[in-house]
S.K.: 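I'd like to ask some things about the structure below.
Excluded from the calculations below are hydrogen atoms, water molecules and symmetry mates; all remaining heavy atoms, backbone and side chain alike, are included.
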Amino acid sequence: MQQPIYTIQQLIIAKYGEEKFALGCEFVARWLNTCKQGFWCGNDILTMCTTNDFQFKLLPIEAEELRKLFGLKSIEQLYSNYVPSSG
């Protein structure tokens, strides 16, 4: 089994805790919906946590909003293939 494209699951658990993971997925969906009249729901976010294809592709504005929500330095940190540069 391939690893998921996004690191959303780890980010949600780190921010909201494992016991509030489902609630965290709902919150992330609502956060994304505020940036572009979106159609995200908690199940979409849950699927993003496990999918290894681009069925749920983030728009640039959505990726930027998630970067802000999770306090990331770059959008690339949302992706599981991100390798931090040394230096």
S.K.: Counting C-beta onward and ignoring hydrogens, is there a side-chain heavy-atom pair between Leu69 and Glu65 closer than 4.5 Å?
M.R.: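 Sidechains of Glu65 and Leu69: no contact.
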S.K.: Which heavy atom of Ile61 sits nearest to which heavy atom of Cys35, and what is that distance?
M.R.: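 Heavy atoms of Ile61 and Cys35 come nearest at CD1-O, 3.6 Å.
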S.K.: Should we count NZ of Lys15 as having more than 12 external heavy atoms under 6.0 Å?
M.R.: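 Count over threshold, so yes.
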S.K.: Determine, stepwise, if the pair Phe70 / Val28 fulfils side-chain contact (heavy atoms from CB on, under 4.5 Å).
M.R.: CA-CA 10 Å; Phe70 293 115; Val28 169; 3.8 Å; yes
S.K.: Which atoms form the tightest heavy-atom contact between Ile12 and Phe21, and what is the distance?
M.R.: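 Taking every non-hydrogen atom into account, CG2-CD1, 3.6 Å.
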S.K.: For the residue pair Glu62 and Lys57, what are the closest heavy atoms and their distance?
M.R.: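 Smallest heavy-atom distance, with atoms named: OE1-O, 4.1 Å.
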S.K.: Work out which heavy atom in Ile13 is nearest to a heavy atom in Glu18; give both atom names and the distance.
M.R.: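 The answer is CG2-N, 4.0 Å.
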S.K.: Which heavy-atom pair separates Cys41 from Ala29 by the least distance, and what is that distance?
M.R.: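 So the minimum-distance heavy-atom pair works out to C-CB, 3.5 Å.
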S.K.: Please report the interatomic distance OG1(Thr47) to CD1(Ile45), rounded to the nearest 0.5 Å.
M.R.: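 Reported value, rounded in 0.5 Å steps: 9.0 Å.
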S.K.: When rounded to the nearest 0.5 angstrom, what is the spacing between CG in Asn33 and CG in Asp44?
M.R.: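 These two atoms lie 9.0 Å from each other.
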S.K.: Heavy atoms, side chains only, cut-off 4.5 Å: are Tyr16 and Leu23 in contact?
M.R.: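 No. Closest side-chain heavy atoms not under 4.5 Å.
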S.K.: Arg67 and Leu78: which non-hydrogen atoms are nearest, and at how many Å?
M.R.: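 Smallest interatomic distance, heavy atoms only, reads N-CD1, 4.5 Å.
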S.K.: Quick one: which of Asn52, Leu58, Leu11 gives a side-chain contact (heavy atoms from CB on, under 4.5 Å) with Tyr6?
M.R.: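 Passing option: Leu58.
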S.K.: Working to the nearest 0.5 angstrom, can you tell me the gap between Glu64 CD and Ser74 OG?
M.R.: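 Going from CD on Glu64 over to OG on Ser74, the span is 10.0 Å.
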S.K.: Using atom types as modelled and distance alone, determine if a side-chain donor or acceptor of Thr51 lies under 3.5 Å from a backbone N or O of Ile5.
M.R.: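 Between the backbone of Ile5 and the side chain of Thr51 there is no qualifying donor-acceptor contact (under 3.5 Å).
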